[in-house]
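Here's the structure we're looking at; comments come further down.
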Amino acid sequence: MTSSVASARPAPAAGPASTRPVHIGVLALQGDFREHLRAVHALGGTASAVRRPTELDALDGLIIPGGESTTMDKLSRSFGLAEPLRERIAGGLPVYGSCAGLIMLADRVADPSTDRDGNPQQTFGGLDVTVRRNAFGRQRESFETDLQFSGLTSVHDGGQPAPVHAVFIRAPWVEQAGEAVQVLARFPGPPAPPDQELADPTGRIVAVRSGNVLATSFHPEVNGEHRIHELFIRIIRGEA
Ligand code: GLN
């Protein structure tokens with residue numbers, strides 16, 4: 001791992017915003033962090049695995065990968081990472097979370113799992129949303145679909161960005177989002193059952209942004225869909 005290199009790295013030289021190099025940490029306690037490291041490298045950024053609190057020091061941004069949020073919660077607490085991470089996110093560190101990463105960034109989990117003593121899983125927070133885990137149900141444990149996604153710049157034929165090809169794996173959705181949260185993509189699924197007060201008749205929220213925090217229910221890191229990582233890099237640079 002190159003993680004120790006990250007803390008020794010000199011501060012990036014000031015330059016035009018669009019050329020400023022960025023160094024991104026990827027939380028590597030569990031899950032598909034390698035795919036995120038690859039995606040950042042493919043875009044010309046540098047990235048390193050983060051497992052220790054000191055590895056948070058020199059980062060321009062952090063990615064929380066897909067995986068299993070309950071395991072990430074437990075490991076981050078036992079590695080002493082949870083508190084420093086919470087503080088960095090609250091302090092404005094740009095963060096992108098995919099799938100389990102979205103759950104870890106949510107301020108509220110609708111259906112948290114509980115440990116043996118009945119304590120609910122914890123998150124780092126930072127996003128004023130309520131997420132529902134495994135929300136698409138057993139029938140749709142994993143599926144792929146094309147989504148309209150706001151805020152992408154790469155323009156294709158006809159002047160519109162092509163839809164994002166999104167891979168969902170036991171994915172959460174955002175059931176409720178605070179006023180400051182921008183909805184970037186919805187999954188145009190069937191309306192929610194009438195007993196769910198927070199049902200959104202226009203579709204399920206699957207991508208959001210609030211300030212420096214970006215999150216998706218799906219996994220752009222697994223299928224070469226680099227435009228979400230590109231957007232994250234633009235957020236880090238203050239260009240989006
Ligand atoms: N269902 C998982 C969780 O609750 C997330 C799945 C994923 O990241 N692909 O953490």
Side-chain angles (χ1 to χ4, degrees), residues 24-40 47 49-51 62-79 81-82 85-86 89 95-116 118-127 129-145 147 149 164-177 184-187 189 192 196 198 204-209 213-226 228-229 232:
I24 296 178
V26 182
L27 188 65
L29 299 174
Q30 187 267 340
D32 71 340
F33 57 91
R34 292 179 192 83
E35 285 78 357
H36 280 286
L37 291 167
R38 263 183 234 126
V40 175
V50 170
R51 294 190 183 87
L62 178 77
I63 295 175
I64 305 177
E68 182 50 52
S69 57
T70 50
T71 311
M72 277 186 218
D73 167 33
K74 280 184 204 138
L75 291 176
S76 64
R77 283 190 275 151
S78 57
F79 282 48
L81 252 176
L85 245 168
R86 235 170 242 140
I89 297 168
V95 191
Y96 166 47
S98 69
C99 202
L102 159 63
I103 298 167
M104 294 307 297
L105 288 169
D107 284 346
R108 296 168 298 278
V109 181
D111 52 348
S113 77
T114 48
D115 66 17
R116 266 183 251 151
N119 302 309
Q121 73 182 99
Q122 296 177 25
T123 67
F124 305 135
L127 255 184
V129 300
T130 305
V131 289
R132 183 169 293 275
R133 300 174 61 217
N134 306 321
F136 291 91
R138 284 185 179 279
Q139 298 308 312
R140 309 207 67 179
E141 283 234 315
S142 114
F143 61 97
E144 301 184 19
T145 190
L147 297 172
F149 196 106
V164 163
H165 189 70
V167 177
F168 291 80
I169 305 166
R170 291 180 295 108
W173 65 41
V174 172
E175 203 151 282
Q176 178 270 338
L184 301 181
R186 292 176 192 267
F187 174 78
Q196 284 189 26
L198 300 166
R204 292 305 189 174
I205 300 170
V206 293
V208 289
R209 174 180 176 185
V213 182
L214 175 70
T216 59
S217 297
F218 55 90
H219 292 265
E221 71 278 12
V222 302
N223 65 339
E225 172 53 83
H226 292 327
I228 312 298
H229 292 80
F232 181 50

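All ligand and atom numbering here is 1-based and tracks the order in the structure.
- Near Ile169, meaning under 4.0 Å from any of its heavy atoms, are these atoms of ligand 1: 6 (C), 7 (C), 9 (N).
- Ligand 1 has no nitrogen or oxygen under 3.5 angstrom from a nitrogen or oxygen of Gly66.
- By the criterion of a heavy-atom distance under 4.0 Å, the side chain of Ile103, and not its backbone, is placed next to ligand 1.
- Between the choices Ser142, Pro65, Cys99, the shortest heavy-atom distance to atom 7 (C) of ligand 1 belongs to Cys99.
- Taking the ring centroids of Phe218 and Phe187, they lie at or beyond the 6.0 Å cut-off.
- Exactly one residue among Ile63, Leu75, Val95, Leu81 makes a side-chain contact (heavy atoms from CB on, under 4.5 Å) with Leu27. That residue is Leu81.
- Remark: ligand 1 and Thr70 share no N or O pair separated by less than 3.5 Å (distance only, no angle test).
- Relative to atom 3 (C) of ligand 1, the option among Ser69, Pro112, Pro172 with the closest non-hydrogen atom is Ser69.
- Using a 4.0 Å cut-off between heavy atoms, Arg133 contacts ligand 1 through its side chain alone, with no backbone atom that close.
- Taking the six-membered ring where tryptophan is involved, the planes of Tyr96 and His229 are perpendicular, since the angle between them exceeds 60° and thus also 30°.
- Below 3.5 Å of separation, one finds an N or O of Ala100 facing an N or O of ligand 1.
- Residue Arg132 comes nearest to Ala110 through the heavy atom pair NH2-CB, 3.8 Å, listed as atom of the first residue, atom of the second, then distance.
- Of the options Asn134, Asp32, Val109, Asp111, the smallest heavy-atom separation from atom 1 (N) of ligand 1 is shown by Asn134.
- Listed here is the closest heavy atom pair of Val50 and Gly25: CG2-CA, 3.8 Å.
- Of all non-hydrogen atoms in Ser69 and Gln121, the two that sit nearest each other are OG-NE2, 3.0 Å.
- When all heavy atoms of Ile169 and Ser142 are compared, the pair lying nearest together is CA-CB, 4.1 Å.
- Below 4.0 Å from some heavy atom of Gly67 lie the following atoms of ligand 1, by number and element: 2 (C), 5 (C), 6 (C), 7 (C), 8 (O), 10 (O).
- Val208 pairs in a side-chain contact (heavy atoms from CB on, under 4.5 Å) with only one of the listed residues (Leu127, Val213, Leu214), which is Leu127.
- The shortest separation from a heavy atom of Met72 to ligand 1 is not under 4.0 Å, leaving the residue out of contact.
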